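Proteins get letters first, then strands, A, B, ... in listed order; numbering begins at 1 in each. What you see is a predicted model, and the numbers here were worked out from it, not measured in a lab.
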Amino acid sequence: MEQKGTLTVKRGLAQMLKGGVIMDVVTPEQAVIAQEAGAVAVMALERIPADIRAAGGVARMSNLELIRSIMDAVTIPVMAKVRIGHIGEAQVLQALGVDFIDESEVLTPADDKFHLAKNDYTTPFVCGARDLGEALRRIAEGAAMIRSKGEAGSGNIVEAVRHMRAIGDGIRELTVAPKEELVARARDLGAPLDLVTYVAENGKLPVVLFCAGGVSTPADASLMMQLGAEGIFVGSGIFKSNDPKAFSKAIVAATTHYDDPKAVVEASLSLGRDAAAMEGIDLRKIPESELLASRGA
Amino acid sequence: MAPRPQVGVLALQGDVDEHLAALERAGALGIAVKTRASLDACEALVVPGGESTTVIRLLDRFALADPVRERVRAGMPLWGTCMGMIVVSRAVAGLDQPTLGLLDVTVRRNAFGRQNDSAEVDLAIPVLGEPAFPAIFIRAPWIESAGPGVEVLATYGEHGVMVRQGNVLGTSFHPELTEDPRIHRYFLGMLAP
């Protein structure tokens, strides 16, 4: 008997990515650089978030020929993004055969009320979250992996820190909550009771939790792993730096040895004297209407 | 009570915690191995699931490849699951990918297909007896060819998916993602008494 697309194999792929770095790439050549540097997966995109932010307009699923050429270029898993709630794009990416689909606030939402019914798909999904309730809602819909939202393309880690701390605090609060409170907690979180109970009993999400949004340096990666991330998405941070090869290798090394400051020093020194991380944006200077993290809740 | 054996799980990347928990359930003391010092403390080593291109590079970058080879050639039991089996193999079919060369097999990566072909399978494994083992294949490799000293312990379709050569064990699938402790116990049984 053989069963495909089960919760176990979908969540399982995310488990295999733990301790690793997933990198945004916009060409097959960048995908190869990422793989050579030790990325555990790549996110195939037409434009990295910093450029999506700069371009404005409607951001959609990437060109399929581009995604396919990236799938052909590397042996590691390839992810691609769909607009929130876009059933058509999601079915197309599944049929194309990508390994993971990111239902992402970085693209312009297709549905301003509802996310995809992700349990219906064979391909696993990752979704962004800013707090525990949002994470559990996405898991209830079928997400096989959760990432912080951060503020994509900003080069600023503060939003990702806020989200990882909020998710961590939410989990810790449930682990010490008396049983009598769990139904009310589920109501307040806007999340199903079975998932709230799971978190209360196990002290963690039932799926893997990564950090995304604003990671630009080896020390950023170390920070997020220490805040409880099980791995790192790096979007604009690598290919908006002045030396993508060096930055990708250094961020991989710092993610593996995040708890050893000497190893993070080594990784940072490997960047050399002229290393320049991507330029960041003060989030207070981004107009409210252009903030990505508040899309989809 | 005899002291519990100390079994390392290579912790450069992958599903390390799942193996540590499964080893505990099987009666061992699990140690996450990221450094030479932690490797030296182990009596056996598991290379978990993950991405082989990532881990083989990190083994080199952090100078662990040769110490692992030396320990295994001196008799330390070694078990690779999925990515781990690729890392310990002799060669990867169709790819110029470095490996540790400790298990005399050629593996084919992503042999069953991409993620949409990942599957749960009830697998007959004669050395474990009944019932069938709940094998979880995730972008899994299979054994393309094996040297004469390699015993094939289970096949799925046409290809070997569980093999043993002396002190080295390989599985295409992920026993650490199940509650079934039989293969972890089998591996602990490979420790010298």
Side chain from CB out, backbone as N, CA, C, O: work out which of these in [X] comes under 4.5 Å of a heavy atom of chain B, or both, or neither.
| X | answer |
| --- | --- |
| A/Ala263 | neither |
| A/Val74 | neither |
| A/Glu36 | both |
| A/Ala37 | backbone |

Interatomic spacing from [atom1] in [X] to [atom2] in [Y] - rounded to 0.5 Å:
| X | Y | atom1 | atom2 | result |
| --- | --- | --- | --- | --- |
| B/Gln115 | A/Thr122 | CD | OG1 | 9.5 Å |
| A/Arg11 | B/Ile136 | CZ | CD1 | 12.5 Å |
| A/His257 | B/Thr35 | NE2 | OG1 | 8.0 Å |
| A/Gln35 | B/Arg57 | CD | CZ | 6.5 Å |
| B/Gln13 | A/Met16 | CD | CE | 9.5 Å |
| A/Thr8 | B/His174 | OG1 | NE2 | 12.0 Å |

Subject >> Main-chain N/O of A/Val9 paired to B/Ser118 side chain as donor or acceptor, under 3.5 Å >> reply: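 Not confirmed, B/Ser118 side chain does not pair with A/Val9 backbone.
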**OP:** Taking only Lys NZ, Arg NE, NH1 and NH2, and the carboxylate oxygens of Asp or Glu, determine whether B/Asp117 and A/Lys4 approach each other closer than 4.0 Å.
**Re:**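 Salt bridge between B/Asp117 and A/Lys4, a charged N being under 4.0 Å from a carboxylate O: yes.
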Subject >> Carboxylate-amine/guanidinium contact B/Lys34 A/Asp260, below 4.0 Å >> reply: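 Looking at B/Lys34 and A/Asp260, the cut-off is not met.
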Original post:
Looking at B/Arg139 and A/Ile76, what are the two nearest heavy atoms and their distance?
Top reply: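 The answer is NH2-C, 3.5 Å.
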Subject >> A/Glu2 to B/Val121 - nearest heavy-atom pair and separation >> reply: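 The pair with the smallest heavy-atom distance is CG-CG2, 4.0 Å.
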Original post:
Going by distance alone, is a donor N or O of one side chain under 3.5 Å from an acceptor N or O of the other, for A/Thr6 and B/Glu120?
Top reply: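 A pair is found: one side chain offers a donor N or O, the other an acceptor, under 3.5 Å apart.
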**OP:** Could you tell me whether the side chains of B/Asn116 and A/Thr123 share a donor-acceptor contact shorter than 3.5 Å?
**Re:**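 A donor-acceptor contact under 3.5 Å links the two side chains.
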Which atoms of [X] approach chain A - backbone, side chain, both or neither, heavy atom under 4.5 Å:
| X | value |
| --- | --- |
| B/Ile138 | side chain |
| B/Leu95 | side chain |
| B/Phe137 | backbone |

Original post:
In this structure, are over 12 heavy atoms from other groups packed under 6.0 Å from A/Lys18 atom NZ?
Top reply: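 Counting other residues, nucleotides and ligands, NZ of A/Lys18 exceeds 12 neighbours.
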Subject >> Neighbour count above 12 (heavy atom, 6.0 Å) for B/Arg114 CZ >> reply: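 Yes - once you tally the heavy atoms of other residues, nucleotides and ligands closer than 6.0 Å, there are more than 12.
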